[in-house]
Undergrad: 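First the structure, then my questions, so here it is.
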Amino acid sequence: MTSAPFERRAQSIPVTIVAGRDEALPSIPGATVLRVERPLHQHKAGAECVACAARSDVRVLLFDLLERSRRGMVLPFSAVIIDARGVDDGEAIAERLLPGKQPAFGLRDHTVLHSFHLA
């Protein structure tokens, strides 16, 4: 039986963020890798388009991973490595995963914040 889309995971999944341009991705058994990419084009502050948000918002990427896992579309994983070497601000990515640091908008963000934690 599959879980509901916004259901909490039984255990929080550790997330490792690699942001340094010269850093190598670590080898973590059972980990899957997600890549955060630069926006496709420039936006006014706070007016990012949906296409760019899907490429650069770690909460969107992690929720999509949970959903694909729930549907059996990805191999099982026990950890996540975020490859943020192509973006300028790795700290901003980490802040998206710290409870209370940036507001959660909707069930998607709450699900991610309860399902993942920084390693």
Side-chain angles (χ1 to χ4, degrees):
M1 187 168 142
T2 61
S3 60
F6 299 105
E7 188 174 316
R8 277 178 136 170
R9 300 229 0 154
Q11 284 189 307
S12 182
I13 301 166
V15 176
T16 301
I17 299 174
V18 178
R21 297 208 186 275
D22 298 327
E23 272 187 78
L25 294 178
S27 177
I28 300 173
T32 190
V33 176
L34 294 177
R35 183 176 311 251
V36 176
E37 299 182 39
R38 291 180 182 275
L40 296 167
H41 47 264
Q42 295 293 347
H43 300 94
K44 292 180 183 178
E48 190 172 50
C49 71
V50 174
C52 291
R55 295 168 52 98
S56 62
D57 188 331
V58 71
R59 289 180 183 172
V60 171
L61 295 170
L62 288 170
F63 184 80
D64 183 54
L65 178 64
L66 281 176
E67 183 62 14
R68 289 184 291 134
S69 173
R70 184 181 75 80
R71 293 179 176 202
M73 299 169 64
V74 295
L75 294 174
F77 58 92
S78 57
V80 176
I81 299 169
I82 302 290
D83 182 355
R85 297 177 294 181
V87 259
D88 296 329
D89 193 1
E91 189 174 315
I93 293 167
E95 286 180 356
R96 298 280 292 151
L97 297 177
L98 294 173
K101 196 70 171 167
Q102 291 195 358
F105 296 104
L107 289 174
R108 178 201 68 206
D109 288 358
H110 287 286
T111 301
V112 168
L113 292 173
H114 290 295
S115 299
F116 296 95
H117 66 275
L118 287 175

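As the structure is a prediction and not an experimental result, all values here were calculated from the model.
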Undergrad: Hey, could you give me the CG/CD distance between Asp83 and Glu37, rounded to the nearest 0.5 Å?
TA: 9.0 Å

Undergrad: For Arg85 versus Ala24, what's the shortest heavy-atom pair and its separation?
TA: NH1-CA, 4.1 Å

Undergrad: In chain order, what residues pass the side chain to side chain contact (heavy atoms under 4.5 Å, CB included) check against Pro26, with sequence neighbours excluded?
TA: Thr16, Val18, Ile28, Ile81

Undergrad: Does Val33 belong to the same Ile/Leu/Val/Met/Phe/Trp/Tyr cluster as Leu118, with side-chain heavy atoms less than 4.5 Å apart forming each link?
TA: no

Undergrad: Specify the closest pair of heavy atoms between Leu97 and Pro99, including all atoms of both residues, with the distance to one decimal.
TA: O-CD, 3.5 Å

Undergrad: Drop me the distance from Ile82's CD1 to Arg96's CZ, to the nearest 0.5 angstrom.
TA: 12.0 Å

Undergrad: Sequence neighbours excluded, which residues qualify as side chain to side chain contact (heavy atoms under 4.5 Å, CB included) partners of Arg21?
TA: Arg38, Asp88

Undergrad: Is the shortest side-chain heavy-atom distance between Thr111 and Leu62 below 4.5 Å?
TA: no

Undergrad: Please identify each residue that fulfils salt bridge (charged side-chain N to carboxylate O under 4.0 Å, His left out) with Asp109, with sequence neighbours left out.
TA: Arg59

Undergrad: How long is the gap from CG on Leu34 to CZ on Phe77, to the nearest 0.5 Å?
TA: 8.0 Å

Undergrad: Once side chain to side chain donor-acceptor pair (under 3.5 Å) is applied, do any residues pair with His110, and if so which ones, sequence neighbours excluded?
TA: none

Undergrad: For Val60 versus Arg108, what's the shortest heavy-atom pair and its separation?
TA: CG2-NH1, 3.4 Å

Undergrad: Starting at CD1 of Ile13, measure out to CG of Leu65 and round the result to the nearest 0.5 Å.
TA: 7.0 Å

Undergrad: Once side chain to side chain donor-acceptor pair (under 3.5 Å) is applied, do any residues pair with Glu23, and if so which ones, sequence neighbours excluded?
TA: none

Undergrad: Taking all non-hydrogen atoms of both residues, which atom of Ser78 and which atom of Pro29 are closest, and how far apart?
TA: OG-O, 3.8 Å

Undergrad: If you link I, L, V, M, F, W and Y whenever their side-chain heavy atoms are under 4.5 Å apart, who else ends up in the same group as Leu75?
TA: none

Undergrad: Shared ILVMFWY cluster between Val15 and Leu25, side chains joined below 4.5 angstrom?
TA: no

Undergrad: So, taking the atom named NZ in Lys101 and the one named CG in Leu113, what distance separates them when rounded to the nearest 0.5 Å?
TA: 13.5 Å

Undergrad: Could you report the tightest heavy-atom contact between Ile17 and Ala84, atom names first, then the distance?
TA: CG2-CB, 4.3 Å

